[in-house]
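Computed from a predicted model, the values in this text were never measured in an experiment. Atom set for the values below is all heavy atoms of this structure, side chains included, hydrogens, waters and symmetry mates excluded.
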Protein chains: 2
Amino acid sequence: MSELSSKKPQAAPASLDGTDLAILAALVEDGRMTNAALAARVGVAESTCAYRVRALRQSGVIVSVNARLNLGALGHPIHAIVKVRLGSHNREHVRNLYDKLVAVPGALTVLHVGGDDDFLLHVAVESPEKLRDLILEHVTIYPVVQRTETQLVFEVREGRGVLSP
Amino acid sequence: MSELSSKKPQAAPASLDGTDLAILAALVEDGRMTNAALAARVGVAESTCAYRVRALRQSGVIVSVNARLNLGALGHPIHAIVKVRLGSHNREHVRNLYDKLVAVPGALTVLHVGGDDDFLLHVAVESPEKLRDLILEHVTIYPVVQRTETQLVFEVREGRGVLSP
DNA sequence: TTTGAAATAAATGCTAG
DNA sequence: CTAGCATTTATTTCAAA
């Protein structure tokens, strides 16, 4: 279920000091860094560091910690972006399709965007044939989908993020 | 530095059994789950579980574990996709621009794609004004960039990934 | 490869500055 | 908010199956 603008516990625009930012940068780099190592790196006592990290979690600044996998090693070496354009922008139609796209096997992220397209679906698949099947069976199958356009992804690189400046 | 097809230690298409897949699914969901909890969840001894996880890391199936942050709480509430089209596809030009885009402040991911566009730059910025400045100062500033098109991102949702089926 | 149990290391709770 | 110390919990190691 998506919510499409229902308000949920949004993190207060917390006031983060240098220590917090250093902690965040370290955990983005290595989310399994031990509290001891983290404390040493940012220059505070271990108990203080643990306190800070807990506060950052509870306030929602740290959303979660997740393993990132090598999708090629898992048999999904092909990445693609499927641009999806809708014929109707009825609220229910949009919400329903969004839910469907998120549930597509191999879907990594789904962006609801404004502009030429409505959704950008980033998928990882086993092969080009599977990509075709995926689009036919899980995307264009819905009447609200007017048109799709697929781009092969040659390479994905992580950006520097928002913490560096 | 990007490599653009120079070969690096790619994970062998490892043979993963059900236990491995269960471990991976759990760690994608919660990368800080304790080894004890993980072992209980997948039904093996703690020492076995630790052994498996270490193997999955060393073989490169688990690439890394990272904290995910609430970018809004960090003052970057606006997301956008900047489609970048190049005028020249000279190898050096492509590689250089790729490196530049990855280093853009606020860049989350940069996709090198085939099709209408060459790069898709996903950024998180402080405001629409900053978005404009970012594009002018860090993207269109390069002569190799022929044209950009920017789409506002309303919402980002995680897909089900490749492990569910 | 898997395991249990011992040894090491880390996180948490409590106290107080 | 911070730090030190004691307690509880987790990870690593290793001999054995």
Side-chain angles (χ1 to χ4, degrees), chain A residues 9-75 162-165, chain B residues 9-75 162-163:
Chain A
Q10 189 70 9
S15 67
L16 304 165
D17 64 14
T19 300
D20 288 318
L21 296 178
I23 287 172
L24 294 174
L27 290 179
V28 165
E29 207 180 276
D30 177 7
R32 281 199 76 106
M33 179 173 285
T34 67
N35 183 64
L38 194 54
R41 170 158 164 176
V42 307
V44 296
E46 291 181 22
S47 50
T48 302
C49 188
Y51 176 89
R52 295 284 195 123
V53 172
R54 210 175 315 126
L56 288 168
R57 288 185 151 289
Q58 288 180 347
S59 70
V61 176
I62 297 174
V63 176
S64 63
V65 178
N66 315 97
R68 209 145 50 79
L69 307 180
N70 180 333
L71 300 178
L74 288 166
V162 303
L163 290 174
S164 313
Chain B
Q10 190 69 9
S15 69
L16 304 166
D17 64 14
T19 299
D20 288 318
L21 295 177
I23 287 173
L24 293 175
L27 290 179
V28 165
E29 209 180 274
D30 177 7
R32 282 199 76 106
M33 180 174 285
T34 68
N35 182 64
L38 193 54
R41 172 159 163 174
V42 307
V44 296
E46 293 181 21
S47 49
T48 304
C49 188
Y51 176 89
R52 294 283 194 123
V53 172
R54 211 175 315 125
L56 288 168
R57 290 184 150 288
Q58 288 179 349
S59 70
V61 176
I62 297 175
V63 175
S64 63
V65 178
N66 315 98
R68 211 146 46 80
L69 307 180
N70 180 333
L71 300 178
L74 288 167
V162 303
L163 291 174

| task | Can you sort out the partners of A:R68 under side chain to side chain donor-acceptor pair (under 3.5 Å), two or more places apart, ordered by chain and number? | result |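 So A:R68 forms a side chain to side chain donor-acceptor pair (under 3.5 Å) with B:S64, B:N66.
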| Nearest 0.5 Å, what's the CG-CG distance between B:L16 and A:L74? | 6.0 Å
Do [X] and [Y] touch side chain to side chain, with heavy atoms closer than 4.5 Å?
{"X": "A:I23", "Y": "A:V53", "answer": "yes"}
{"X": "B:L163", "Y": "A:L69", "answer": "yes"}
{"X": "B:R52", "Y": "B:L38", "answer": "no"}

| field | A:L27 vs B:R32, side-chain contact (heavy atoms from CB on, under 4.5 Å): CA-CA, chis, key distance, verdict | value | CA-CA 11 Å; A:L27 290 179; B:R32 282 199 76 106; 4.2 Å; yes
| task | Please report, rounded to the nearest Å, how far the P atom of C:dT2 is from the CG atom of B:L38. | result |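 The distance from CG of B:L38 to P of C:dT2 comes to 14 Å, rounded to the nearest Å.
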| task | Please list residues of residues 18-37 of chain A whose heavy atoms come under 4.0 Å from any atom in DNA chain C, ordered by number; otherwise none. | result |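 Result for residues 18-37 of chain A: A:T34, A:N35, A:A36, sorted by number.
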| request: Mind running a 4.0 Å heavy-atom check of residues 43-56 of chain B against DNA chain C and sending the residues that fall below it, in number order? | output: B:V44, B:A45, B:S47, B:T48, B:Y51, B:R52
| request: Determine the minimum heavy-atom distance between A:V42 and A:A22, stating which atoms define it. | output: CG1-CB, 3.7 Å
| Is there a donor-acceptor contact under 3.5 Å from the side chain of A:N35 to the main chain of A:E46? | yes
